[in-house]
Amino acid sequence: MTLQLKRRSFLRGSAGVLLPLPFLNLMEASAREAGDGQPPMRFMTLFKPNGVHPPSWNISGGSEDDFRMSPLMQPFTKHKDDLLILDNMGDFGFSSHANSTRRFLSGHHRNTRTASIDQLIADQIGKDTPHRSLELTTEGLFPNQIGCSYISYDKNGAPIPRESDPQLVFDRLFRNPLSAPAERAVMKSLLDRVGEDARSLNRRAGREDRQTLEQYLSVVRETEKRLQTISSQSSVDFSTLQRPERPSNLNDQVEAMLDLITLALWTDQTRCVTYMLGNSNSRMIFDFLGIHKQHHYLSHFFRNFSRENLDSLLKISLWHMEKFDYLLERMKSFKDQHGTLLDNTLVLYGSGMGHSDNHTVTRIPIILAGGKGLVKTGRYVRYAENQPLARLHLSLLEKFGIETKEYAQSSSLLTGLDASDYAPWKEKAFDSWAKIQGNRFEVRGRLRMSDDLDEAKLFYLDVQGQESVMLEVNFQDFHRYNVAYHCGTPVTLVGTGSLEQRKVTKIESLESVFGHKPGAAGG
């Protein structure tokens, strides 16, 4: 007779210890009989703080299926076939740090009265798991601007507390007292007694007391549902799992948390996780990398420019990419039915802003990984026009079976995530020229940042058939004219500077050739 195992089977140890098994081939037949032939799809988010240095992040050239990954993407080049890299995401000129975190999973900084998409997805896919969702971080609260510390929001738009200690997360996942059958039986008996007593009292109480009792009974009912969910997972005691050591530095803390996330998803303890690698204006100091200045200070590489500062910023960003690689590597190492855990998890990696100094909400770093059947990976999709982030969110909700006509002021889906057609970015033809008289410049050309790290404060206007015009301005002009927003596009610039150096040092006007303007929503 052929051996068969149920989908939720356990290894039995001494003292009644039970450990859950991942999906095995021996479970195939029983899964089909139970109508559970497909593994569950999970959702996981990894948030990167403080934006990026665009020339190091942005992909330049190539096509959708044939492209070269940027310098900062090198740590996860080997996962190229598992990635969908999205470009031209975001449609604003400037954003605060707090608004950037709200936007990341809520689509728009003004979407403050509804749940973030992770919570909507958790409502859809997390009902049958012991933990509906996990909200995690690496950093404590930033009280001066509390919104910088959250990316997950409940149905009322209120921030959801996060946990940063891997040991406490381990205890919550695998040392829950109610994991023991005897403890659940005692609790169930207690709930039965207090529930009956409360209902008896309710029949004799006045109106105000009945309202209080109803509130109390709702808590009892929620607890009963919780017990029922745990019971449906069978009797699970994870006491033999090794608790993480107390981290000695940030790298140990993050890798321990990523290990726990992977284990929690694999054993179906939860199907929805959000993890912040730092607050959106992270003040962390990466001394274990030999860096002794705050990440936020370094992220303002234009106004605080030095080659040492920029090298430190890029080293931190590279570390963020390495942690993304670590997560993907771990998830691909776990077999999950006919594929891997990554195949059955849609991972969203990114930030809430693009240019880290000027906080642009254009070309926001966004990568989707895994999610087999939901998205088509191995591609670089750069859209012809800037796309509101909420269009992506609306599409992700739809892919997880959540029907809604609008989310965060967007009512149209983002095309191009699968095999659907989309309008790709193509260079539009335009006339370029440079008129220089004395110290006055009138120039039309494509604006770009310097690729030379020693020139991180410099911009160039490429003029067809002529030497490029250099742009070296102070922070006031950089910010006032939102120079970073227009990078990569043709502009008409009027200013003054040095004819001998062919350099503009003061801007009088700067306008997009095609009429693009930073969003007026004050993001």
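Checked against Trp57 for a side chain to side chain contact (heavy atoms under 4.5 Å, CB included), the options Leu72, Asp87, Leu314 give a single hit: Leu72.
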Criterion side chain to side chain contact (heavy atoms under 4.5 Å, CB included) on Met353 and Arg103, from CA distance to verdict: CA-CA 9 Å; Met353 64 174 65; Arg103 181 181 302 105; 5.9 Å; no
Verdict with reasoning, Ser63 to Asp66, per side-chain hydrogen bond (donor to acceptor under 3.5 Å, both in side chains): CA-CA 5 Å; Ser63 63; Asp66 183 17; 4.9 Å; no
Test log, rule side chain to side chain contact (heavy atoms under 4.5 Å, CB included), inputs Gln119 and Asp154: CA-CA 7 Å; Gln119 296 304 301; Asp154 66 19; 5.7 Å; no
Residues Phe324, Val347; criterion side chain to side chain contact (heavy atoms under 4.5 Å, CB included); working and verdict: CA-CA 10 Å; Phe324 183 43; Val347 181; 4.0 Å; yes
Residues Ile402, Ile117; criterion side chain to side chain contact (heavy atoms under 4.5 Å, CB included); working and verdict: CA-CA 10 Å; Ile402 302 167; Ile117 62 165; over 6 Å; no
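The CH2 atom of Trp425 sits 15.0 Å away from atom CD of Glu64, with the distance rounded to the nearest 0.5 Å. Between the CG atom in Leu327 and the CG atom in Asp259 there is a gap of 10.0 Å [rounded to 0.5 Å]. Separating the CG atom in Leu397 from the CG atom in Leu392 is a distance of 9.5 Å, to the nearest 0.5 Å. The OG atom of Ser351 sits 8.0 Å away from atom CD1 of Ile366, with the distance rounded to the nearest 0.5 Å. A distance of 8.0 Å separates CE in Met41 from CG in Asp343, rounded to the nearest 0.5 Å. For the atom pair CE (Met44) and CG (Leu348), the distance works out to 9.5 Å, reported to the nearest 0.5 Å.
Residue Met276 comes nearest to Ser149 through the heavy atom pair SD-O, 3.3 Å, listed as atom of the first residue, atom of the second, then distance. What you find for Arg42 and Leu265 is that their closest heavy atoms are NH2-O, 3.2 Å. The two residues Gly370 and Val375 make their nearest non-hydrogen contact at O-CG2, 3.6 Å. Nearest heavy-atom pair, Ser95 versus Val361, reported as atom, atom and distance to 0.1 Å: CB-CG2, 3.2 Å. In this structure, Cys148 and Asn281 approach most closely via the heavy-atom pair CB-OD1, 3.4 Å. In terms of heavy atoms, Ile364 sits closest to Gly352 at CD1-O, 3.9 Å.
Residues Arg162 and Ser152 fail the side-chain proximity criterion, which asks for heavy atoms closer than 4.5 Å. Using a 4.5 Å cut-off on side-chain heavy atoms (C-beta onward), His296 and Asn50 make contact. Considering only heavy atoms from C-beta on, Phe76 stays 4.5 Å or farther from Asp82 through its side chain. A heavy-atom distance below 4.5 Å is not found between the side chains of Arg391 and Met89. No side-chain heavy atom of Leu134 sits under 4.5 Å from any side-chain heavy atom of Ile261. Contact check for Tyr380 versus Leu83: no side-chain heavy atoms found under the 4.5 Å cut-off. Looking only at side-chain heavy atoms (C-beta outward), Ser96 and Gln145 come within less than 4.5 Å of each other. In this structure, the side chains of Lys80 and Met73 stay at 4.5 Å or more apart for every pair of heavy atoms.
When atom types are taken as modelled, the side chain of Tyr383 and the backbone of Thr415 share a donor-acceptor pair closer than 3.5 angstrom. A distance-only check finds a donor-acceptor pair linking the side chain of Thr138 to the backbone of Leu277 [under 3.5 Å]. Gln387 contributes a side-chain N or O that, together with a main-chain N or O of Glu385, makes up a donor-acceptor pair within less than 3.5 Å. A distance-only check finds no donor-acceptor pair linking the side chain of Ser395 to the backbone of Leu413 [under 3.5 Å]. Remark: the backbone N or O of Met69 is paired with a side-chain donor or acceptor of Gln74 at under 3.5 angstrom. Not a single donor-acceptor pair under 3.5 Å links the side chain of Ser106 to the backbone N or O of His108. Side chain of Ser312 to backbone of Ile291: no donor-acceptor contact under 3.5 angstrom is found. In this structure, Lys48 contributes its side chain and Gly51 its backbone to a donor-acceptor pair below 3.5 Å. In this structure, Glu139 contributes its side chain and Asn279 its backbone to a donor-acceptor pair below 3.5 Å. No donor-acceptor pair closer than 3.5 Å links the side chain of Glu322 to the backbone N or O of Pro75.
Salt-bridge check for Lys399 with Asp418: passed, with a basic side-chain N closer than 4.0 Å to an acidic carboxylate O. Ion pair Asp336/Lys372 not flagged as a salt bridge, since none of the NZ, NE, NH1 or NH2 atoms sits closer than 4.0 Å to an Asp/Glu carboxylate oxygen. Between Arg271 and Asp128, none of the side-chain N atoms (NZ, or NE/NH1/NH2) sits under 4.0 Å from a carboxylate O, so this pair counts as no salt bridge. Arg132 and Asp123 are joined by a salt bridge, as a carboxylate oxygen and a charged side-chain nitrogen come within less than 4.0 angstrom of each other.
Within 6.0 Å of the NZ atom in Lys155, the count of heavy atoms belonging to other residues, nucleotides or ligands does not exceed 12. Other residues, nucleotides and ligands contribute only 12 or fewer heavy atoms inside 6.0 Å of the CG atom of Asp421.
Applying the ring pair (Phe, Tyr, Trp, His ring centres under 6.0 Å) test to every pair with at least one member in residues 385-416, sequence neighbours left out, gives these pairs: Phe43-Phe400.
Ring geometry for Trp266 versus Phe334: interplanar angle of 30 to 60°, hence tilted. Ring orientation note: the planes of Phe286 and His320 are nearly perpendicular, at an angle over 60° on the 30°/60° scale.
At least one test fails for Lys323 against the ring of Tyr349: distance under 6.0 Å to the centre or angle within 45° of the axis.
The distance between the ring centers of His109 and Phe92 falls below 6.0 angstrom.
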